[in-house]
Amino acid sequence: MRLKKVSKPKTYDVLVVGAGVFGAWTAFQLARRGQSVLLLDAYGPGNSRASSGGESRIIRMGYGADELYTRWAMRSLVQWKELFAETMGLPVLFHETGVLWLGSKDYARLNEMTAVLTRCKVPFESLSGSAIARRYPQFDSQDLSSGILETDSGVLMGRRAVSEVTDSALSLGAEYRQAQVTPPGATDSRNSRLASISTNNGEKISAGQFVFACGAWLGTIFPEILGPRIFPSRQEVFFFGVPPGDSQFSARSLPTWLIQSDEVYGMPDLESRGFKIAFDSHGERVDPDTQSRVVSAASVEHVREYVAKRFPALANAPIVETRVCQYENTSNGDFLIDRHPEMNNVWFAGGGSGHGFKHGPAIGEYVAQQILDGGPAEMRFALASKATEQKRAVY
Ligand SMILES: Cc1cc2nc3c(=O)[nH]c(=O)nc-3n(C[C@H](O)[C@H](O)[C@H](O)COP(=O)(O)OP(=O)(O)OC[C@H]3O[C@@H](n4cnc5c(N)ncnc54)[C@H](O)[C@@H]3O)c2cc1C
């Protein structure tokens, strides 16, 4: 009798759990460096429960005095554009709307930002209160006496961009499977290395390195270590229908904007989805699997009140779309990109904290470097720097 040859299951160089923007770019950068990569996601790349599942995400260079993130955003924008140009012929998933920061003249952050943007050679214009009122009559801008317009920044089309990055990783040889990974158990963490993970489809998958890029789920996958260090918060987003035939809210007339003193930001009417507006203040703590994706009546009232005051022409505009998502905050807003403290081939990549999307390319590059080259680690991303109480410092 001839014995049937049983092929040995494949051992991947790297298994990446989570196909949000962090995981997709990590898979892409690793595949580009010749690694055999498997990317897994419970619900799909850029799915509607994920933080990366929104329609649109701002890519801005301004981070106040925080030059680290300015430089990462600059490097990332180049790579986003390159990827879209390579795969789609044009950077169609990036809208160069410009990004307008608004505040009062004595708002320190704008002055700090001016210094960093100048040093980093980011193109921008400084605007006085009268210039803001003249150029952007859409705003009631009486209290806004100072502005910075990042002319080359704009908006990435979120979930579609994640899908594009995933496809690009696959074209470089990475594989993708839809499955939920079972959290590694206590026995696994007693060993210094993880050999394999199990999925809810009953599969056991082996790899040399494991990257958990699981956004707001990181705390449930590693409850002891990350449960108290990742703070998922509910965030609600609104799209207002612009008046018929009115182009003052189109990207030709209105840039993407942020008013940090009001903890609010918004975008022009992109792809005819409506004028987007959202509050950046952290909502209640939520579970990404079970939180309601329906906006609350109180938030509708709050946003209507704000819009009527700040954008009088939209006072009676209908809300044409809403989204409910979550930030996956660390204690201060710095990312978490580090090794598991016990299993030295297990990595965390998360803590995007409401500002991580734009940085996807640089994050993937950094994770790949850490795994393959063991380069110098950024201490701000270290697990050891993550506190168990929130004190937001990065915006
Ligand atoms: C409303 C809102 C507005 C934002 N605006 C901006 C912005 O303008 N600019 C900006 O730069 N950033 C912004 N952000 C932040 C940015 O979107 C996030 O930081 C970023 O998307 C986080 O990506 P991620 O890959 O870490 O997480 P996610 O996108 O949440 O991805 C995690 C993935 O892991 C998967 N997963 C979880 N557990 C498992 C498991 N056990 N097995 C398999 N798969 C699993 C999930 O299905 C999910 O797809 C915003 C966020 C929100 C919510």
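The first residue in the sequence is number 1, and the count goes up from there. Order of listing sets the numbers, starting from 1, for every ligand and every atom in it. Predicted model, so just to flag it, every value in this text is computed and none were measured.
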Within the 4.0 Å heavy-atom cut-off, what Asn47 brings close to ligand 1 is side chain
Classify the contact between Arg57 and ligand 1 as side chain, backbone, both or neither, using a heavy-atom distance cut-off of under 4.0 Å. both
Going by atom types only, do Glu284 and Gln291 share a side-chain donor-acceptor pair under 3.5 Å? no
Just to verify, what does Phe231 make a ring pair (Phe, Tyr, Trp, His ring centres under 6.0 Å) with, not counting sequence neighbours? none
Does the distance from a Lys or Arg side-chain N to an Asp or Glu carboxylate O, for Lys309 and Asp143, drop under 4.0 Å? no
Mind running side-chain contact (heavy atoms from CB on, under 4.5 Å) on Phe275 and Leu254 for me, showing each step along the way? CA-CA 10 Å; Phe275 165 89; Leu254 181 72; 3.8 Å; yes
Mind checking whether Ala179 has a heavy atom under 4.0 Å from ligand 1? yes
Counting non-hydrogen protein atoms only, what is the nearest one to atom 34 (O) of ligand 1? Give residue, atom name and distance. Gly18 CA, 3.3 Å
Part of Val162 with heavy atoms under 4.0 Å of ligand 1, whether side chain, backbone, both or neither: neither
N/O separation below 3.5 Å, Ala19 to ligand 1: no
So, regarding Ser353 and ligand 1 (criterion: nitrogen or oxygen to nitrogen or oxygen, under 3.5 Å), is there a contact or not? no
I need the contact type for Val17 against ligand 1. Using non-hydrogen atoms and a strict under-4.0 Å cut-off, is it side chain, backbone, both or neither? side chain
Quick one: ring pair (Phe, Tyr, Trp, His ring centres under 6.0 Å) pairs with a partner in residues 58-92, sequence neighbours left out? Trp25-Trp80, Tyr63-Tyr69, Tyr63-His355, Tyr63-His359, Tyr69-Phe335, Tyr69-His355, Tyr69-His359, Trp72-Tyr366, Trp72-Phe381, Trp80-Phe84, Trp80-Phe357
Using distance alone, with no hydrogens and no angle criterion, decide if Trp347 and Gln370 have a side-chain donor and acceptor under 3.5 Å apart. no
May I ask you to check whether Phe249 and Phe240 place their ring centers less than 6.0 Å from one another? no
More than 12 foreign heavy atoms under 6.0 Å from CZ of Arg323: is that the case here? yes
I want to know whether Phe212 and His340 have ring centres closer than 6.0 Å. no
Give me the ring orientation class for Phe311 and Trp257: parallel if the planes are under 30° apart, tilted from 30 to 60°, perpendicular past 60°. tilted
If the test is side chain to side chain donor-acceptor pair (under 3.5 Å), which one of Ser233, Ser353, Ser51 qualifies with Glu328? Ser51
Taking side-chain contact (heavy atoms from CB on, under 4.5 Å) as the criterion, tell me which of Lys276, Lys358, Met267 meets it with Ile58. Met267
Shortest protein contact, atom 27 (O) of ligand 1 (heavy atom only): Gly215 CA, 3.4 Å
Heavy-atom proximity to atom 30 (O) of ligand 1 ranks first, among Ser51, Pro183, Gly352, for Ser51
Gln390 side-chain N/O to Asn332 backbone N/O, donor-acceptor pair under 3.5 Å: no
Would you say Glu328 touches ligand 1, if touching means a heavy atom closer than 4.0 Å? yes
Please report which non-hydrogen protein atom sits nearest to atom 49 (O) of ligand 1, along with the residue it belongs to and the distance in Å to one decimal place. Asp41 OD2, 2.6 Å
Polar contacts were defined as any N/O atom of the residue lying under 3.5 Å from an N/O atom of the ligand; does this apply to Ala349 and ligand 1? no
Residue pair Gln235 / His282, side-chain donor-acceptor N/O under 3.5 Å: no
Nearest non-hydrogen protein atom to atom 23 (O) of ligand 1, with distance, is Ser52 OG, 3.1 Å
Judged by non-hydrogen atoms, does Gly54 sit under 4.0 Å from ligand 1? no
Quick test: of every protein heavy atom, which one is nearest to atom 13 (C) of ligand 1, and how far off is it to 0.1 Å? Gly354 O, 3.3 Å
With a 4.0 Å heavy-atom cut-off (strictly under), which part of Arg323 contacts ligand 1: side chain, backbone, both or neither? neither
List ligand 1 atoms under 4.0 Å from Lys358, heavy atoms only on the residue side. 9 (N), 10 (C), 11 (O)
For ligand 1, is any non-hydrogen atom under 4.0 Å from Phe22's backbone (N, CA, C, O), its side chain (CB onward), both, or neither? both
State the atoms of ligand 1, each with its element, that fall below the 4.0 Å cut-off from a heavy-atom position in Ile221. 38 (N), 41 (N)
Would you say ligand 1 has an N or O under 3.5 Å from any N or O of Ala42? yes
Would you mind listing which atoms of ligand 1 come within a distance below 4.0 Å of any non-hydrogen atom of His355? 10 (C), 11 (O), 12 (N), 15 (C)
For atom 7 (C) of ligand 1, grab the closest protein heavy atom and report residue, atom and distance to one decimal in Å. Ile58 N, 3.4 Å
Counting only heavy atoms, tell me which of Tyr43, Phe279, Trp217 gets closest to atom 38 (N) of ligand 1. Trp217
Is it the case that Ser168 and Ser171 place a side-chain donor and acceptor less than 3.5 Å from each other? no
Atom 42 (N) of ligand 1: closest protein heavy atom, distance to 0.1 Å, is Val181 N, 2.9 Å
Does Thr322 form a side-chain contact (heavy atoms from CB on, under 4.5 Å) with Glu236? I'd like the steps, not just the answer. CA-CA 7 Å; Thr322 58; Glu236 300 181 333; over 6 Å; no
Protein residue, atom and distance nearest to atom 16 (C) of ligand 1, heavy-atom basis: Phe357 N, 3.5 Å
For Gly356 and Phe22 the tightest heavy-atom approach is O-CE1, 3.7 Å
With heavy atoms of Gln326 as the reference, note each atom of ligand 1 found under 4.0 Å away. 53 (C)
Subset of ligand 1 atoms that lie under 4.0 Å from at least one heavy atom of Tyr265: 3 (C)
Near Val237 (heavy-atom distance under 4.0 Å), the atoms of ligand 1 are 1 (C)
Could you see which bit of Ala213 sits under 4.0 Å from ligand 1, with heavy atoms only: side chain, backbone, both or neither? backbone
